[in-house]
Amino acid sequence: MASRPKGFGLTAELQRKKDAKYDPELEEQIREWINKVLGGQVLNPSPDQKDFYESLKSGEVLVDLANALGGKYKKNSSKMAFKMMENIGFFLKFCDEIGVPKTDIFQTVDLYENQNIPGVSGDFCWRAGCCSALGKPVPQLGPKEATENKREFSEEQLKEGQNVIGLQMGTNKLASQAGDHFGRPRQVAGETNYSYTRNMAENKARGYGLSAEVQRKINAKYDKDVEEDVRRWIEDVLEEPVEWGAEDSDSPGSGFADGLMDGEILCKLANKLQPGAVKMNDTKKVTNAAMRTNKEKENIEKFLKFAEAYGVKDRFTTPYLYQKQNVMSVVNCLCQLGSTAQSKGFSGPCLGPKIAEENKRNFTEEQLCEGKKHIGLQMGTNKLASQAGEHFGRARQVAGIDAYK
């Protein structure tokens, strides 16, 4: 089971990232710690990830370790898979009982199937720290667990603290919040530098590490030609030009998303395909920035509800458009909307192929019986060359025996 394939694509990539976190020095410390707790040379002191996994896979060492630290578990010596996994389960249960955070306890498959050995190593550090905090006589492993440091203040000191204005609340020496309105960001350096726009949500950080990597993979799938087709189709259906935004080289489809972000174009498109389908919010009349954001998102949600009722299966979510997380999914949704509109009888401009409709055939009993007598060409034919007279293991002589001498 442990030697099963590690997967492909993103699965294999995640496995490589887990393996890259392997720390041989930490593993050597854990080996020494286990040997000291159990009072013998249980594990080979030299760091070796494969040997470490093989030594702990059966769970017997782990049960011995848990019992040495105060647990009372019956160790299974059987080499059957479920018995070894039960041993690991006893160890994980003990970790939970002594206070190791659930988020830092590894899963059984992380060890038994060798999926995340660095995660197993991290669990030992937490375990040693929790044992030390509980007063158990165990060797030190990793940083010492922090203990409570309660402070006592007099009534006078507490009253003095109430007179201090924290900088998070502002100050009466420099800029203040005087004149600001509800829903508006604090203008510390002046209103011109911090003008609130609807793009504030989309400009949030894209993240780092795996989040950024996933975003790059999504951006790499963007098809500019399909986007151009969707742009023309929207303008042809609405019979009016759409004010698209400027393109950003780091975010494919950003200009397309800017044109649809307030949701008004989407609502107009829905009403063109099905009159009266959506009641649109006029976001331009809303002066409060926070309320305008809510109204724009509400327009997008109304369009998505219409698309679901209209029969579009490949839909996007609001953040995919409003925060430009996956603009290609918006393009795909609109392509499918154009195809669905054709099958619904929309006589306007077309986009994409028409969705196939059911074409049910009705055959009589006589026709069905005749079909049973028909020999498909995959089974051979009795009109041309056949396998008559051939022997098992001999090649089929299509052109006759003499032709192959």
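Nothing fancy with the numbering, it's 1 onward along the sequence. Since we're looking at a predicted model, the values are computed, not measured. As a basis for the values below, the full set of heavy atoms in this structure was taken, side chains included, without hydrogen atoms, waters or symmetry mates.
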| remark: Residues L111 and L56: closest non-hydrogen pair is CD2-O, 3.6 Å
| Heavy-atom count around E155 CD within 6.0 Å, excluding the residue itself: above 12? | no
| At what distance, to the nearest 0.5 angstrom, does CG of L321 lie from CD1 of I300? | 4.5 Å
| said: Is there a side-chain contact between K75 and D64 in this structure, where contact means two heavy atoms from C-beta onward sitting under 4.5 Å apart? | reply: yes
| message | Under a 4.0 Å threshold between the charged nitrogen and the carboxylate oxygen, would E227 count as salt-bridged to K224? | response | yes
| query | Is any side-chain heavy atom of L337 less than 4.5 Å from a side-chain heavy atom of F303? | reply | yes
| NZ/K284 to CD/E296 distance, rounded to the nearest 0.5 angstrom? | 9.0 Å
| Which value, rounded to the nearest 0.5 Å, describes the distance between E301 atom CD and N294 atom CG? | 11.5 Å
| request: May I ask you to test the L351-D236 pair for a side-chain heavy-atom distance under 4.5 Å? | output: no
| field | Heavy atoms of other groups near E156 CD, more than 12 under 6.0 Å | value | no
| query | So which heavy atom on C267 is nearest to which on V278, and how close? | reply | SG-CG1, 3.6 Å
| task | Could you tell me the separation between the CG atom of N76 and the CD1 atom of I88, rounded to the nearest 0.5 Å? | result | 11.0 Å
| Just wondering, do V230 and C335 contact through their side chains at under 4.5 Å, heavy atoms? | yes
| field | Heavy atoms from other residues, nucleotides or ligands near NZ of K93 exceed 12 (cutoff 6.0 Å) | value | no
| Q157 versus E152, closest heavy-atom pair with distance | OE1-O, 4.3 Å
| request: Count the heavy atoms of every other residue, nucleotide or ligand shown that sit under 6.0 Å from CD of E240, and state whether that count exceeds 12. | output: yes
| Lys/Arg N to Asp/Glu carboxylate O, D262 vs R292, below 4.0 Å | no
| Does F90 reach the side chain of L62, with side-chain heavy atoms less than 4.5 Å apart? | no
| field | Interatomic spacing from CG in L92 to CG in N87 - rounded to 0.5 Å | value | 11.0 Å
| task | Drop me the distance from K324's NZ to N219's CG, to the nearest 0.5 angstrom. | result | 11.5 Å
| said: Any carboxylate oxygen within less than 4.0 angstrom of a Lys/Arg side-chain nitrogen, looking at K79 and E60? | reply: yes
| said: Under 4.0 Å between a side-chain nitrogen and a carboxylate oxygen: does that hold for K268 and E264? | reply: no
| message | Counting only heavy atoms not in F316 (residues, nucleotides, ligands), do more than 12 fall under 6.0 Å from its CZ? | response | yes
| task | Indicate yes or no: at least one non-hydrogen side-chain atom of F91 is less than 4.5 angstrom from one of L65. | result | yes
| query | Among T318, D282, N281, which residue meets the side chain to side chain contact (heavy atoms under 4.5 Å, CB included) test with N299? | reply | N281
| query | Parallel under 30°, tilted from 30 to 60°, perpendicular over 60°: which one fits the rings of Y73 and F94? | reply | perpendicular
| message | Looking at D110 and Q115, would you say the former's side chain and the latter's main chain have a donor-acceptor pair under 3.5 Å? | response | no
| task | Measure the shortest side-chain to side-chain distance between D223 and V331 over non-hydrogen atoms and say whether it is less than 4.5 angstrom. | result | no
| field | Flag, side chain of Q215 to backbone of Q325, donor-acceptor distance under 3.5 Å | value | yes
| note | All heavy atoms of R315 vs all of L304, minimum pair found to be CD-O, 3.8 Å
| note | L273 and A341 have their tightest heavy-atom pair at CD2-CB, 4.0 Å
| query | Got L266 and F306 here, is their nearest side-chain heavy-atom distance under 4.5 Å? | reply | no
| said: Restricting to non-hydrogen atoms, name the atom on K279 and the atom on K302 that form the minimum distance, rounded to 0.1 Å. | reply: O-NZ, 2.6 Å
| Can you list every ring-ring contact (aromatic ring centres under 6.0 Å, His included) pair that touches residues 211-252, not counting sequence neighbours? | W244-F256
| When you measure from the side chain of S339 to the backbone N and O of P353, does any donor-acceptor pair fall under 3.5 Å? | yes
| Who pairs with Q336 by side-chain contact (heavy atoms from CB on, under 4.5 Å), at least two apart in sequence or on another chain? | V312, K313, D314, T340
